[in-house]
Amino acid sequence: MIQSLHCRATHTLTIMSSRIPLSSRPLDLLYFSFFIMHIPASLLVDLQALLHPNTFLPSLPEWYTGYSADPLIRGAMLKDPQLVWFNCFLYVEMLFQLPVFIIGARGLWKGSKSIYVLLLAYAASTATTTLPCIAFVIHRSDSLTTEQLVMLLSSYIPFFLLPFAMAVDMALRLHNIVQTSSSRVTTKNE
């Protein structure tokens, strides 16, 4: 039994020492930073609007919408029935995306390839749900000042582009893993 524990500990140390540091994986570092930064943004703005006024910071989304005139967050706060689709997106953010930020950051930190499927699902879902939000803000731009429109687009567009790039990256990583695995099986069978 002691020998087994020693072997396991040695194997774990070998894996840990062979792990490529996050700082040497620039895209993973970008994704990790994005997830860590996104946690407070979700908790302090998006989910506050969804749960408004029964939140722990009800004045924060009010301040944000007063400053930015964000028609989506304002609509979520007012429970606008025409924005039921956006409220659905906020529930997806709360129930799916927020846990992925934590799980994804942990998996990226550890250098785990097993996280790629989850990150692909997250990234595709997020890019898909953010694009209609950008279109909506542009459609409602006549009610915004130029400064508000620029601010809103400069905050929404990166939340589309980075997940879109992540989806492509994760799809390519998974494709390479499958290709390598298929090549090994084919070589083994020959």
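Residue indices begin at 1 and follow the sequence shown.
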Relative to the ring of H38, is the ring of F159 parallel (under 30°), tilted (30 to 60°) or perpendicular (over 60°)?
-> perpendicular
If you look only at pairs with a residue in residues 134-154, which of them pass as a ring-ring contact (aromatic ring centres under 6.0 Å, His included), with sequence neighbours excluded?
-> W85-F136
Of all heavy-atom pairs between N87 and A76, which one has the smallest distance, and what is that distance?
-> OD1-CB, 3.5 Å
Which pair of heavy atoms, one from P71 and one from R140, lies closest together, and at what distance?
-> CG-CB, 4.2 Å
Is the number of heavy atoms from other residues, nucleotides or ligands under 6.0 Å of F96 CZ greater than 12?
-> yes
Mind checking whether Y122 and Y91 sit in one hydrophobic cluster, side chains of I, L, V, M, F, W, Y counted as touching below 4.5 Å?
-> yes
So with a 6.0 Å cut-off around OH of Y67, is the heavy-atom count from everything else above 12?
-> no
Is there a side-chain contact between S33 and I36, using heavy atoms and a 4.5 Å cut-off?
-> no
For the atom pair CZ (R19) and NZ (K110), what is the distance rounded to the nearest 0.5 Å?
-> 9.0 Å
Treating Ile, Leu, Val, Met, Phe, Trp and Tyr as nodes and any side-chain heavy-atom pair under 4.5 angstrom as an edge, say whether I20 and F32 lie in one connected cluster.
-> no
Just jot down the ring pair (Phe, Tyr, Trp, His ring centres under 6.0 Å) partners of H52, sequence neighbours excluded, or say none.
-> none
Would V117 and L119 show up in the same hydrophobic cluster when neighbours are defined by side-chain heavy atoms closer than 4.5 Å?
-> yes
Single-linkage hydrophobic cluster, 4.5 Å side-chain cutoff, I39 and L118 together = yes
Within-4.5 Å side-chain heavy-atom neighbours: P132 and F89 = yes
Between S154 (side chain) and M151 (backbone), is there a donor-acceptor pair under 3.5 Å?
-> yes
Rounded to the nearest 0.5 angstrom, the CG-CD1 distance for L108 and I103 is 12.0 Å
Of L162, D169, V168, the residue whose pairing with M166 passes side-chain contact (heavy atoms from CB on, under 4.5 Å) = L162
When you look at NZ of K79, are more than 12 heavy atoms from neighbouring residues, nucleotides or ligands closer to it than 6.0 Å?
-> yes
Nearest heavy atoms of P158 and P163, plus distance in Å | O-CD, 3.7 Å
To the nearest 0.5 angstrom, please state how far the CG atom of L152 sits from the CG atom of D70.
-> 5.0 Å
dist F35:CZ -> L30:CG (nearest 0.5 Å) comes out at 10.0 Å
Who pairs with D46 by salt bridge (Lys or Arg N to Asp or Glu O under 4.0 Å), at least two apart in sequence or on another chain?
-> none
Quick one: does T126's side chain have a donor or acceptor within less than 3.5 Å of a partner on A123's backbone?
-> no
Taking all non-hydrogen atoms of both residues, which atom of L83 and which atom of G75 are closest, and how far apart?
-> CD1-CA, 3.4 Å
Could you go step by step and tell me if V137 and C133 meet the side-chain contact (heavy atoms from CB on, under 4.5 Å) rule?
-> CA-CA 6 Å; V137 167; C133 295; 5.7 Å; no
Looking only at heavy atoms, the pair that brings L90 and L47 closest together is O-CD2, 3.7 Å
Can H175 and M170 be said to form a side-chain contact (heavy atoms from CB on, under 4.5 Å), step by step?
-> CA-CA 8 Å; H175 174 75; M170 290 301 143; over 6 Å; no
Side-chain contact test, heavy atoms from C-beta onward, threshold under 4.5 Å: evaluate it for Y64 versus L44 and give yes or no.
-> no
In short, S42 meets L98 closest at the heavy-atom pair CB-CD1, 4.3 Å
R74 side chain vs G66 backbone, donor-acceptor pair below 3.5 Å = no
Mark yes or no for whether T128, through its side chain, and A124, through its backbone, hold a donor-acceptor pair below 3.5 Å.
-> yes
Counting only N and O atoms by type, is there a donor-acceptor contact under 3.5 Å from the side chain of S181 to the main-chain atoms of V178?
-> no
For Q48 and P61, indicate whether the former's side chain and the latter's backbone hold a donor-acceptor pair under 3.5 Å.
-> no
Apply side-chain contact (heavy atoms from CB on, under 4.5 Å) to Q97 and T129, showing your working.
-> CA-CA 11 Å; Q97 292 177 7; T129 58; 4.1 Å; yes
Short N-O contact, D28 and R173, less than 4.0 angstrom | yes
Euclidean distance, L27 CG relative to R25 CZ, rounded to 0.5 Å = 10.5 Å
Ring centers of F101, Y31 separated by less than 6.0 Å = no
Could you go through the side-chain hydrogen bond (donor to acceptor under 3.5 Å, both in side chains) check for S68 and Q148 one step at a time?
-> CA-CA 5 Å; S68 68; Q148 289 169 330; over 6 Å; no
Mind checking whether V84 and L51 sit in one hydrophobic cluster, side chains of I, L, V, M, F, W, Y counted as touching below 4.5 Å?
-> no
Between atom CZ of F86 and atom CG of L72, what is the distance when rounded to the nearest 0.5 Å?
-> 4.5 Å
